[in-house]
Amino acid sequence: MSVWERGELALYYETYGSGYPLLLIAPGGMNSVISFWNRAAFNPMEIFSRHYWVIAMDQRNAGRSKGPLEPDDPWAGYAEDQLGLMSHLGIDRFHVLGCCIGCSYALRLIERAPGRVSAAVIEQPIGISEENRAVLPQHLYGRWAEALAKSRPELNLEAVRALGKKMFSGDFVFSVSREFVKSCHTPMIVMPGNNLDHPRAIGNEIAALAPSSEIIPEWRQP
């Protein structure tokens with residue numbers, strides 16, 4: 001259990017096992033924190049630490065991590081956080097496994113530093129579909145914005161809401177375009193979701209677009 005600090009940024013992280021590095025980016029919407037892996041379909045810290053050096057983290061302004069708001073390009077800010085943490089640990093190349101919002105973070109991370117991400121697992125990606133367009137964006141950041149502003153009096157609630165709205169005002173997976181995924185040659189395993197927050201259609205589309213992807217359509221235990 002450690003904290004990496006850079007200026008106003010403080011990122012909480014935990015490491016497990018040894019071997020080739022694997023960065024985990026947790027589910028939970030804007031509350032993407034390590035503890036949410038206990039609610040996921042499987043806990044990668046328990047499984048993959050047998051063979052990999054697993055790095056798990058609370059994202060900026062979630063759980064035990066905090067930092068300033070990055071209103072201009074928040075997805076890029078999160079990618080820089082993740083890359084900075086890996087550099088702090090002396091890690092150049094690594095695998096990444098993202099779940100829920102973690103998939104959008106992972107895809108932006110690949111776009112930002114394709115030479116550093118050797119392979120990715122995309123588990124239950126979020127994204128916009130006709131069924132969830134009216135409810136998903138606010139669901140991903142609404143409660144987080146209220147709780148963050150309450151716990152950090154120096155942050156204005158409207159500014160926090162504006163950051164969330166900007167992050168989720170796009171389409172597809174929010175963080176990258178379809179054109180990027182179509183050009184992305186990073187090896188990728190895609191595990192589609194099957195509910196309103198994680199539309200199966202989004203996972204299928206990522207797998208169809210990404211030229212070096214493999215899809216596991218039915219991966220959950222019945």
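Note that this is a predicted model, so its numbers are computed, not measured.
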* **Flag, side chain of D58 to backbone of Y12, donor-acceptor distance under 3.5 Å** => no
* Apply the test side chain to side chain contact (heavy atoms under 4.5 Å, CB included) to residues I110 and V176: give CA-CA distance (whole Å), side-chain angles for both, the deciding distance (0.1 Å), then the verdict. => CA-CA 10 Å; I110 296 169; V176 298; over 6 Å; no
* Any donor-acceptor pair under 3.5 Å linking the side chain of S169 with the backbone of K166? -> yes
* To the nearest 0.5 Å, how far apart are CG in L9 and NZ in K66? -> 10.5 Å
* Should I128 and F174 count as side-chain neighbours, where that means a heavy-atom distance under 4.5 Å? -> yes
* Is a donor on one side and an acceptor on the other found under 3.5 Å between the side chain of S2 and the backbone of Y13? -> no
* To do: Provide the closest heavy-atom pair for A41 versus R220 in the form atom of the first, atom of the second, distance.
  => CB-NH1, 3.7 Å
* Structure fact -> When rounded to the nearest 0.5 Å, the distance separating CD1 of I25 from CD1 of I122 is 8.5 Å
* Asked: Between E123 and F42, is a side chain to side chain contact (heavy atoms under 4.5 Å, CB included) present by the stated rule, with each step listed?
  -> CA-CA 10 Å; E123 179 194 348; F42 60 91; 3.4 Å; yes
* Asked: Looking only at heavy atoms, what is the nearest atom pair of P217 and P192, with distance?
  -> CA-CD, 4.3 Å
* **Cluster overlap L140 with L157, hydrophobic side-chain contacts below 4.5 Å** => no
* Any donor-acceptor pair under 3.5 Å linking the side chain of N132 with the backbone of D197? -> no
* Asked: Are side-chain heavy atoms of P68 and R60 found at a separation under 4.5 Å?
  -> yes
* **Under 3.5 Å donor-acceptor, S212 side chain and H185 backbone** => yes
* Rounded distance [0.5 Å steps], CD in E80 versus CG in L109 -> 9.0 Å
* Assess the pair Y105 and W75: is the distance between their ring centroids shorter than 6.0 Å? => yes
* To do: Provide the closest heavy-atom pair for S104 versus S175 in the form atom of the first, atom of the second, distance.
  => O-OG, 2.7 Å
* Hey, are the side chains of D171 and R178 touching, using non-hydrogen atoms and a 4.5 Å cut-off? -> yes
* Considering residues, nucleotides and ligands other than Y52, do more than 12 of their heavy atoms fall under 6.0 Å from its OH? -> no
* Gap separating the OG atom of S87 from the CG atom of D92, nearest 0.5 angstrom -> 7.5 Å
* Answer whether the closest heavy-atom distance between the side chains of M57 and W4 falls below 4.5 Å. => no
* Shortest non-hydrogen separation from I55 to P21 and the atoms involved -> CD1-CB, 4.1 Å
* **With R200 via salt bridge (charged side-chain N to carboxylate O under 4.0 Å, His left out) - residues at least two apart** => E218
* Are any non-hydrogen side-chain atoms of F168 and I101 less than 4.5 angstrom apart? -> yes
* **Inter-residue atom distance F172.CZ - L107.CG, 0.5 Å rounding** => 7.5 Å
* Partner set under side chain to side chain contact (heavy atoms under 4.5 Å, CB included) for R93, not counting sequence neighbours -> Y20, S118
* Is the shortest heavy-atom distance from the side chain of L163 to the side chain of M30 under 4.5 Å? -> yes
* Shortest non-hydrogen separation from I215 to G203 and the atoms involved -> CD1-O, 4.4 Å
* **Heavy-atom closest contact (P44 atom, L97 atom, distance)** => CB-CD1, 4.2 Å
* **Pairwise side chain to side chain donor-acceptor pair (under 3.5 Å) hits with a residue in residues 31-40, at least two apart** => N38-N43
* Partners passing salt bridge (charged side-chain N to carboxylate O under 4.0 Å, His left out) against E154 (at least two apart in sequence or in another chain) -> R152
* **Stepwise side-chain hydrogen bond (donor to acceptor under 3.5 Å, both in side chains) check, Q82 with R116** => CA-CA 11 Å; Q82 295 146 12; R116 296 189 65 178; over 6 Å; no
* Asked: Can you tell me if NE2 on H139 sees more than 12 non-hydrogen neighbours from other groups inside 6.0 Å?
  -> no
* **Chi angles and distances behind the salt bridge (charged side-chain N to carboxylate O under 4.0 Å, His left out) call for K182, E179** => CA-CA 5 Å; K182 190 174 182 179; E179 288 71 25; over 6 Å; no
* Under the salt bridge (charged side-chain N to carboxylate O under 4.0 Å, His left out) test, which residues partner E146, sequence neighbours left out? -> R161
* Applying side chain to side chain contact (heavy atoms under 4.5 Å, CB included), run through L209 and F180 and close with a yes or a no. => CA-CA 9 Å; L209 290 171; F180 166 70; over 6 Å; no
* To do: For the residue pair V117 and M86, establish whether any side-chain heavy-atom pair is separated by less than 4.5 Å.
  => no
* Taking the hydrophobic residues Ile, Leu, Val, Met, Phe, Trp and Tyr, and joining any pair whose side-chain heavy atoms are under 4.5 Å apart, which ones share a cluster with F36? -> V33
* Asked: Any donor and acceptor pair, going by atom type alone, linking the side chain of R112 with main-chain N or O of A79 inside 3.5 Å?
  -> no
* Inter-residue atom distance L69.CG - N156.CG, 0.5 Å rounding -> 9.5 Å
* To do: Decide side chain to side chain contact (heavy atoms under 4.5 Å, CB included) for C103 and Q124; before the verdict, give the C-alpha distance in whole Å, the side-chain angles of both, and the deciding distance to 0.1 Å.
  => CA-CA 8 Å; C103 301; Q124 298 188 146; 5.8 Å; no
* To do: Answer yes or no: is there a side-chain heavy-atom contact under 4.5 Å between I202 and I126?
  => no
